[in-house]
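Notes follow the structure.
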Amino acid sequence: MFNSNTSFHRRSEAALVWGLRAIALVSGAIVLLIVFFLVWEAIPVLQQVGAFRFFTDASWHPASNEFNLTPMLVGTLLVMTIAVLIATPLGILSAVFCQYYAPPRIAQFYRRLIELLAGIPSVVYGFWGLVVLVPLIGRLHPPGPSLLAGTLILSLMILPTIALVADASFTNVSPDYLKGCAALGLGRWAMIQNVVFPTARAGLITGVILETGRAIGETMAVLMVSGNVVQVPKSLFDPVRTLTANIALEMAYAVDQHRSALFVSGVVLMLIIGMLVAIAEVLNRGHLYD
Amino acid sequence: MTRKMTTPQAFRALPFRSSEGIATLGIWAVVVLVSGTLFWLLADIFWHGIGQVSWNFLTTEPLNAGREGGIAPILVSTGLIVGVCMAVSIPLGVGTAILLAEFTANESWLGRFVRLSLDTLAGVPSIVFGLFGNAFFCKTLGFGFSILSGGLTLACMVLPILIRSTQEGLRAVPEDYRRSAAALGITRTATLWELLLPAAMPGLMVGLLLGIGRAISETAALIFTSGYVDRMPESIWDSGRALSVHIFDLAMNISGGESNAYGSALILVTTLVMINSTVSWLAERFRKSRILVV
């Protein structure tokens, strides 16, 4: 009786563990499934057209068999680079403010604000950009929907990512260092520049990588404000189309090779993101989100 | 780092007082700029949106492609999409989190594989989820443009958030609980149900709310999985338009749809602000209760 009871428990526990393992495998397999389906749908056009023509064709007219993705790729990289260049200093200085400059109450309030900024959906950013920012830029330098509008909205959107990560990594700077600086009579900014930044460097780089990932993947807000003309922009005021916006705009009516070509741009996006995750994993030795 | 700290000339180069002053000024300027922009955005949405929102707006069908009328079917579709998403992602997410936190060594191949793939999943752009959902749920499984497809796509998307918070919740339960339970001869299954899960509940709730927040703010993954149809959905097999897709459509494709887009945006932002405040309230309570326990 007693024996059978224990073995029953043991069996039920084994069943639980195997059940959990099956569930975890399903969760883990989703990424593989995503990659599989992207590649599966991308293969037809890659076989019929070949990978090179995505860079060498005259233009992007999938209906008439021209598949040049370069303008969109350049668009994505431009928007991403400028947005990261704007958001990184703003975000890091915001974190510095919370940790070293603000009185505790204001710091707490400002942190809430940054979290609020992180929680606003991209479609709302895009809408606000469309009705407020784009007309302003249009008055300054027509037409309005432009690379500039896209980067400004995007930098606002990715700022919370870098600010929150920087804030967390500043918390981890050993207080002994700060006390040492105070004992040496260093000013606040001298301490931050020469001690805090170098100590927190790994965290800051992770923050930049995470915000870059967000910037590349962002779709709706950029789509709504940047004009979406397929071209390599010549100035900040020219309209631009990103890879993500291209997918969102054309997926609705794309068929056959065209549809397949959009999945190719999805694969390109996944490759870039995969590289970023790999860099972040190496930097953090696998503890990115722990 | 130590090189910089100990080399005297690193500091000699700095003109002391003025650089401090400039830095302080610069940092306050950044703070004013960032909070000013946020207030501008919120004030704009509130100012233009509040005139639109009324009981009527929430309970009537959209008319004239959404330019007039309300958003009732859109709210129902959004609710259904989030419902499907949560119904699928909660069992998957909680199960995975329990396995990772309680039943797997950190170094086992399964743990490493699942962790790495979740890290990657968290970085996948939403538009790629949309492509995947369209190819897998709509086409391969034959669900078509439906609330079901949209919800399942979102379930894949919120999974990493859900798992991370639940894991944090479980990790915050003191090790003593597990040892005491083992010493009393309680099976691990019973320990899990009776002790660990209740204790980890706040973490789970935080994950749940964050997941819902992420799900209702999503647009790009939904436009070609759950579709654009703005009629009242009859079942989860129907296509339904989510609130964020509604805002997108009104702003981009419908001239004269701006005022109703403002109203919908106000509803969306208000819901998200409420969710986020609940999350920070819960997290705060969680932190305090942990201090009491430890």
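Letters A, B, ... are given to chains in the order of the sequence lines, protein chains preceding strands, and every chain is numbered from 1.
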Practice item. Any chance you could lay out the side-chain contact (heavy atoms from CB on, under 4.5 Å) test for B:Thr24 and A:Arg188, step after step, and finish with the verdict? Key: CA-CA 9 Å; B:Thr24 311; A:Arg188 228 183 287 194; over 6 Å; no

Exercise for review: Would you check, one step at a time, whether the test side-chain contact (heavy atoms from CB on, under 4.5 Å) holds for A:Trp189 with B:Ile27?
Suggested key: CA-CA 10 Å; A:Trp189 180 248; B:Ile27 286 172; 4.1 Å; yes

Exercise for review: Report the C-alpha distance between B:Met252 and A:Leu130 in whole Å, list the side-chain angles of each, state the deciding distance to 0.1 Å, and finish with yes or no for side-chain contact (heavy atoms from CB on, under 4.5 Å).
Suggested key: CA-CA 9 Å; B:Met252 292 293 285; A:Leu130 187 69; 4.2 Å; yes

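Per-residue counts of heavy-atom pairs under 4.5 Å with chain A were compared for B:Thr219, B:Val114, B:Leu100, B:Leu33; the largest is that of B:Thr219. Among B:Phe248, B:Phe103, B:Phe145, the residue with the largest count of heavy-atom pairs under 4.5 Å with chain A is B:Phe248. Here A:Val124 is the residue among A:Leu32, A:Val124, A:Leu133 with the most heavy-atom pairs under 4.5 Å with chain B. Considering only heavy-atom pairs separated by less than 4.5 Å from chain B, the leading option among A:Gly266, A:Ala248, A:Ala252 is A:Ala248. Of the residues considered (A:Pro121, A:Cys98, A:Ser265), A:Pro121 shows the highest number of contacts with chain B, using heavy-atom pairs under 4.5 Å. Most heavy-atom pairs under 4.5 Å with chain B: of the set A:Val131, A:Ile114, A:Val26, this distinction falls to A:Val131. For chain A, the option among B:Arg214, B:Glu102, B:Lys139 with the highest count of heavy-atom pairs below 4.5 Å is B:Lys139. When B:Ala135, B:Gly93, B:Gly227, B:Ser244 are compared by the number of non-hydrogen pairs under 4.5 Å with chain A, B:Ala135 comes out ahead.
Counting heavy atoms from C-beta on, the side chains of B:Leu38 and A:Ile120 come closer than 4.5 Å. Using a 4.5 Å heavy-atom threshold, the side chains of A:Ile273 and B:Val128 count as separate. At a threshold of 4.5 Å between non-hydrogen side-chain atoms, the residues B:Pro91 and A:Ile23 do not count as touching. Looking at B:Trp28 and A:Phe97, their side chains come closer than 4.5 Å, going by heavy atoms from C-beta outward. Side-chain atoms of B:Leu41 and A:Val132, non-hydrogen and from C-beta on, never get closer than 4.5 Å to each other. Taking the side chain as every heavy atom from C-beta outward, B:Leu250 and A:Phe127 never approach each other to under 4.5 Å. In this structure, the side chains of B:Asn134 and A:Met251 come closer than 4.5 Å at one or more pairs of heavy atoms. You'll find the side chain of B:Phe39 reaches within 4.5 Å of the side chain of A:Leu113, heavy atoms only.
For the residue pair A:Gly119 and B:Asn276, the shortest heavy atom distance occurs at CA-ND2, 3.8 Å.
The contact between A:Arg112 and chain B is made entirely by side chain atoms (from C-beta outward), counting heavy-atom distances below 4.5 Å. For A:Val17, the parts sitting under 4.5 Å from any heavy atom of chain B are the backbone and the side chain alike. Of the atoms belonging to B:Leu121, heavy atoms from both backbone and side chain fall under 4.5 Å from chain A. With a 4.5 Å cut-off on non-hydrogen atoms, B:Phe113 touches chain A through its side chain but not through its backbone.
The ring pair (Phe, Tyr, Trp, His ring centres under 6.0 Å) test with A:Phe37 is passed by exactly one of B:Phe136, B:Phe129, B:Phe137: B:Phe136. The only member of B:Leu159, B:Leu99, B:Leu162 that meets side-chain contact (heavy atoms from CB on, under 4.5 Å) when paired with A:Ser27 is B:Leu159.
Between A:Trp40 atom CH2 and B:Thr140 atom OG1 the span is 9.5 Å, to the nearest 0.5 Å.
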